[in-house]
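One is the number of the first residue; the rest follow in order along the sequence. Numbering of ligands and ligand atoms starts at 1, following listing order.
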Amino acid sequence: MADYETLLIERHDAVTLVRLNRPQALNALNTQVLADLIHAFAAYDADPEQRCLVLTGSEKAFAAGADIKQMQAKGFAEMYAENFFAGFEQVTRTRKPWIAAVAGFALGGGCELAMMADIMIVADNAKFGQPEIKIGVAPGMGGSQRLTRAVGKSKAMDMCLTGRMMDAVEAEKGNLCSKIVPLAELVPAALDMAKTIASMPPLAAIANKEMVNLAFESTLGTGILFERRLFNGLTATDDKAEGMTAFVEKRAANWAGR
Ligand code: CO8
């Protein structure tokens, strides 16, 4: 397992737990965090033993945004030339499932990173926001798009234009997350969910993820056609034969992953 400057990695059987680890800056995202995340997510995706990943922060902060101190000195030409933070798109291209387990502040880029996850579970102390307007900018890692798709136009405008924070209850009511748990149970609950996902046939897990994701990128007709074709395709896998046979024989399935 690689060592990272800004991440802590644990293996829990087939689940990878990744903790953002810049406590002195409330896990603010800088280019080192981005490089570490890209590497850690790619390693997870490439490891056939690993079937689900949980990304979390500390109890105080998932991530308090992009690192303002790093961005302060950067002008347009430099950001444009280096395509600053565009690398987060690589994290969204992870093929296997991953969960964001959010406690404390998830602001700006922190909120945007959490929204890149397939599933978000939040602690009761979670606070979300897109406060970039307060420092003269706007979301830059997908927040204006993903937040709007999740919570709708009015609440997304409210969050972006006032820069206010949303608590865990409001986030759950607004469908930003799948559930709220007490702070002390956040990581165990996320690991439990991840273990359930990790116990599923891995090709079907990727297919399910691709289908749901296409709902954000295509028309209904295209998405439904993609779903049906991918369903048809899954019937060619050994895991389909095993899953259906195991059901009929009333026994647990034994996944081959092909
Ligand atoms: N960047 C850098 N350092 C930070 C950040 C940040 N985003 N957030 C907190 N820190 C640092 C503080 O400077 C402080 O460091 P120091 O002790 O050296 O002064 C340390 O973390 C602790 O923070 P506070 O003392 O402020 O802790 P509080 O508990 O008083 O406050 C808050 C916590 C409310 C979270 C407060 O820290 C805060 O408002 N942080 C900034 C939140 C913010 O504005 N986030 C959005 C940043 S912009 C962004 O994310 C854009 C994303 C898109 C970029 C892509 C471009 C293409």
Side-chain angles (χ1 to χ4, degrees), residues 4-8 18-41 55-94 100-117 120 122-151 155-171 174 176-177 183 186:
Y4 297 99
E5 199 177 316
T6 66
L7 305 176
L8 297 172
V18 179
R19 288 180 195 271
L20 297 160
N21 186 37
R22 288 190 77 212
Q24 72 286 4
L26 300 183
N27 291 331
L29 309 169
N30 61 13
T31 44
Q32 186 61 50
V33 179
L34 173 57
D36 288 351
L37 282 173
I38 288 173
H39 191 281
F41 275 69
L55 177 67
T56 195
S58 69
E59 293 196 345
K60 179 160 187 198
F62 177 74
D67 191 316
I68 299 168
K69 292 166 189 166
Q70 185 175 51
M71 290 187 297
Q72 188 186 11
K74 284 187 190 287
F76 171 80
E78 190 183 346
M79 280 207 176
Y80 193 44
E82 69 183 66
N83 212 3
F84 182 72
F85 270 21
F88 276 102
E89 290 304 314
Q90 289 186 49
V91 174
T92 70
R93 286 196 285 272
T94 306
V102 177
F105 297 111
L107 303 177
C111 182
E112 294 170 300
L113 175 59
M115 290 191 295
M116 291 175 196
M120 201 197 296
V122 310
D124 47 16
N125 76 338
K127 287 201 182 314
F128 296 90
Q130 297 291 163
E132 291 93 336
I133 194 166
K134 294 192 197 169
I135 52 170
V137 284
M141 287 165 50
S144 64
Q145 307 304 300
R146 291 196 179 93
L147 185 66
T148 307
R149 280 164 165 80
V151 304
K155 202 178 278 290
M157 285 286 191
D158 167 5
M159 302 297 297
C160 290
L161 292 175
T162 69
R164 77 172 175 89
M165 293 188 211
M166 188 195 278
D167 66 15
V169 172
E170 189 178 1
L176 193 62
C177 62
L183 176 57
L186 177 67

Kindly list each side-chain donor-acceptor pair under 3.5 angstrom involving residues 19-32, sequence neighbours excluded, with atom names and distances?
from, atom 1, to, atom 2, distance (Å)
Arg22, NH1, Ala28, O, 2.8
Arg22, NH1, Asp67, OD2, 2.9
Arg22, NH2, Asp67, OD2, 3.3
Asn27, OD1, Arg22, N, 2.7
Asn27, ND2, Ala61, O, 3.0
Asn27, ND2, Phe62, O, 3.2
Asn30, OD1, Gln32, N, 3.1
Asn30, OD1, Val33, N, 2.8
Thr31, OG1, Gln70, NE2, 2.9
Gln32, NE2, Asp36, OD1, 2.9

Using residues 132-140 as the side-chain source, report each donor-acceptor pair under 3.5 Å to any protein atom, sequence neighbours left out, with the distance given to one decimal.
from, atom 1, to, atom 2, distance (Å)
Glu132, OE1, Gln130, NE2, 3.3
Glu132, OE2, Gln130, NE2, 3.1

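Contact check for Leu55 versus Met116: no side-chain heavy atoms found under the 4.5 Å cut-off.
When the shell of 6.0 Å around CE of Met157 is examined, it contains 12 or fewer heavy atoms from other residues, nucleotides or ligands. Within a 6.0 Å sphere centred on CD of Gln72, other residues, nucleotides and ligands contribute 12 heavy atoms or fewer.
Note on residues 81-91: pairs passing side-chain hydrogen bond (donor to acceptor under 3.5 Å, both in side chains), not counting sequence neighbours, are Lys74-Glu82.
A heavy-atom cutoff of 4.0 Å around ligand 1 is satisfied by the protein residues Gln24, Ala25, Leu26, Ala28, Lys60, Ala64, Gly65, Ala66, Asp67, Ile68, Lys69, Met71, Phe84, Phe85, Phe105, Leu107, Gly108, Gly109, Glu112, Pro131, Glu132, Ile135, Gly140, Met141.
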